[in-house]
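The structure under discussion appears below in the form of structure tokens.
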There are 2 protein chains.
Amino acid sequence: MRDDIRRNMPLFSMGIVTKLTELTPRQVRYYEQQGLIKPARSKGKQRLFSFNDVDRLLHIKSLMEKGINIAGVKEVLSGREPETLSRSAPRPEKAERPNLSDADLHKLLKRQLSELSARPNQSHLIRGELSRFFH
Amino acid sequence: MRDDIRRNMPLFSMGIVTKLTELTPRQVRYYEQQGLIKPARSKGKQRLFSFNDVDRLLHIKSLMEKGINIAGVKEVLSGREPETLSRSAPRPEKAERPNLSDADLHKLLKRQLSELSARPNQSHLIRGELSRFFH
DNA sequence: CTTTTTATGTTATTTTTTCTAACACTCATT
DNA sequence: AATGAGTGTTAGAAAAAATAACATAAAAAG
């Protein structure tokens, strides 16, 4: 219950997050832009990430290493709140440009998940290591 | 056992630490200069604090709010490693300017501890709040 | 009761880090 | 061939943090 508070507490700078996740700043910002994370901001507009943010980024990374694209990741991560975009009910309106139906997404996910054959998926150590902080 | 790794992992910037502890940067740097903490450094020489560092700072703060001075805090915290100064055995040599004998320190501590009468000692909330991260 | 020392505030200047925005490129899809 | 997705790279501006110096109130020492 009180867990939420400390898991959502803004603690980490960009530099630390890139070290923890081995993502580039570019990637992190892009994922934010896509609504996958919503890090807090300092007074001067610098990003401040929480444990949840880092957890989420590691999850995103692992999914994308499997070849899943942003749309797919979005779908997988829905339910876990970056509340500003996934506002209210499970599906607000599918609106917007991408214009993918649920069926489309499902097909896409299945296709992409089935091709988890190749790809070396490294740096598991990190995900394992950091996740010990919470949970 | 593996706890040490994550408790000593360099994670927090100065800005975050000052928020967590409600110490000023000046104070944090001074305490470092006095050998009470040994935060890691980034490539560009910026301080990176671990959970242990923050814990330690909160402890220092609480002691000083009771009127204990740096020498006293040093004594109280000895045993908990800022390894570079407290190298090897419990007492390397007392050398240097301060030149305090153990008896002196004991006297000093007793005197200062006995005057914990007044002083409002606020912000206990924070110490309680953060310590839930580990332990 | 002066003099010193402690712990901290303040200010100035320089480095480091981060930000946004733009443009480029690769690869997959159309 | 054209398009779009994800990321790299670069440039310039802004924020955060570093060091260092000087200032000072309160406590300690003499």
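All chains are named by letter (A, B, ...) in the order of the sequence lines, taking the proteins before the strands, and each is independently numbered beginning at 1.
Phosphate proximity of C/dC19 to A/R29: present, with a side-chain N or O under 4.0 Å from OP1 or OP2. Phosphate proximity of C/dT18 to A/R26: absent, as no side-chain N or O sits under 4.0 Å from OP1 or OP2. For B/Y30 and C/dA7, the shortest distance from a side-chain N or O to OP1 or OP2 is below 4.0 Å. The side chain of B/S13 contributes no N or O atom lying less than 4.0 Å from OP1 or OP2 of D/dA16. Distances shorter than 4.0 Å separate none of the side-chain N or O atoms of A/Q46 from OP1 or OP2 on D/dA16. Between A/Y31 and D/dT7 there is a side-chain N or O to OP1 or OP2 distance below 4.0 Å. Between B/R47 and D/dT19, a side-chain N or O to OP1/OP2 separation shorter than 4.0 Å is present. The side chain of B/S42 places an N or O atom within less than 4.0 Å of a non-bridging phosphate oxygen (OP1 or OP2) of C/dT17.
Rounded to a whole Å, the CE atom of A/M14 is 14 Å from the P atom of D/dA16. Atom NZ of B/K74 and atom C1' of C/dA7 are 13 Å apart (whole Å). The CG atom of A/L63 sits 15 Å away from the C1' atom of D/dG6 (whole-angstrom rounding). In this structure, A/Q34 atom CD and D/dG4 atom P are separated by 14 Å, rounded to whole Å. Spacing between atom NZ of B/K45 and atom P of D/dA18 amounts to 12 Å, rounded to whole angstrom units. Rounded to whole angstrom, the span from the CG atom of B/L48 across to the P atom of D/dA17 amounts to 10 Å. If you take CD1 of A/I16 and C1' of C/dT18, they are 12 Å apart, rounded to a whole angstrom. If you measure from atom CD of B/Q33 to atom P of C/dT6, you get 12 Å, rounded to the nearest angstrom.
To the nearest 0.5 angstrom, B/Y31 atom OH is 9.0 Å from B/T21 atom OG1. Of the inter-residue distances, the one linking B/K74 atom NZ with B/L63 atom CG reads 14.0 Å to the nearest 0.5 angstrom.
A/E32 and A/R41 are joined by a salt bridge, as a carboxylate oxygen and a charged side-chain nitrogen come within less than 4.0 angstrom of each other.
Ring orientation note: the planes of B/F51 and B/F12 are nearly perpendicular, at an angle over 60° on the 30°/60° scale.
The backbone N or O of B/N52 sits nowhere less than 3.5 Å from a side-chain atom of B/D55 that would complete a donor-acceptor pair.
Nearest-nucleotide positions on DNA chain C for B/Q27 and B/K43 put B/Q27 closer to the 5' end.
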